[in-house]
Trainee: 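Have a look at this one before I ask anything.
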Amino acid sequence: MPKFEVKGKFLNDGEMKPFTKVVEAPSEKLAGEFTLATIGSKHRLERKYIAIESVKGADGS
C-alpha cells in the first residue's frame, strides 16, 4: 500500500499546532481521513479543529 505525507494544523491548548504524519492508505483522500481519525482520537478533537493543508506521496510522487 502506498505511503502519503499529510501536513496540517490542529488545535492544542488554545493554539494551532503544526503536524506532519506519514500514513499508509490506498488513496490521498483516505490518507486524509485516516489522519483526521488518528489525531481526533488521540487528542479528543472534533474534525472541525483539525486542518489538513496538504497530502502528497511520501516517495516524492
Side-chain angles (χ1 to χ4, degrees):
M1 197 174 315
K3 291 184 180 181
F4 294 93
E5 181 180 74
V6 182
K7 292 185 179 185
K9 296 179 180 182
F10 69 97
L11 188 67
N12 188 16
D13 295 330
E15 61 182 89
M16 296 299 278
K17 304 276 184 163
F19 70 84
T20 302
K21 290 191 72 63
V22 176
V23 296
E24 286 188 16
S27 68
E28 286 184 10
K29 182 176 180 175
L30 284 177
E33 290 292 321
F34 292 165
T35 302
L36 287 171
T38 302
I39 292 175
S41 176
K42 183 175 181 180
H43 296 279
R44 301 276 183 189
L45 291 174
E46 295 179 18
R47 289 175 177 232
K48 65 183 177 183
Y49 299 116
I50 306 167
I52 294 177
E53 297 170 348
S54 68
V55 180
K56 65 177 185 176
D59 59 352
S61 61

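Reckoned from all heavy atoms, side chains included, excluding hydrogens, waters and symmetry mates.
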Trainee: Considering non-hydrogen atoms only, spot the tightest contact between Glu5 and Thr20 and give its length.
Mentor: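 Reported closest heavy-atom pair: CG-CG2, 3.7 Å.
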Trainee: Tell me whether the count of non-hydrogen atoms from other residues, nucleotides or ligands lying under 6.0 Å of OH in Tyr49 goes above 12.
Mentor: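 No, the 6.0 Å shell around OH holds no more than 12 heavy atoms from other groups.
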Trainee: Rounded to the nearest 0.5 Å, what's the gap from CG on Leu30 to CZ on Phe4? Could you check?
Mentor: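 Taking CG in Leu30 and CZ in Phe4, the distance rounds to 9.0 Å.
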Trainee: Distance-only criterion, 3.5 Å: show the donor-acceptor pairs between side-chain atoms of residues 7-18 and protein atoms not counting sequence neighbours.
Mentor:
none

Trainee: What donor-acceptor contacts under 3.5 angstrom involve side-chain atoms of residues 31-47, with partners at least two apart or in another chain?
Mentor:
residue: Glu33; atom: OE1; partner: Arg47; partner atom: NH1; Å: 2.7
residue: Glu33; atom: OE1; partner: Arg47; partner atom: NH2; Å: 3.3
residue: Thr35; atom: OG1; partner: Ala31; partner atom: O; Å: 2.8
residue: Thr38; atom: OG1; partner: Phe34; partner atom: O; Å: 2.8

Trainee: Which heavy atom of Pro26 sits nearest a heavy atom of Pro2, and at what distance?
Mentor: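 Pro26 and Pro2 have their closest heavy atoms at O-CG, 4.4 Å.
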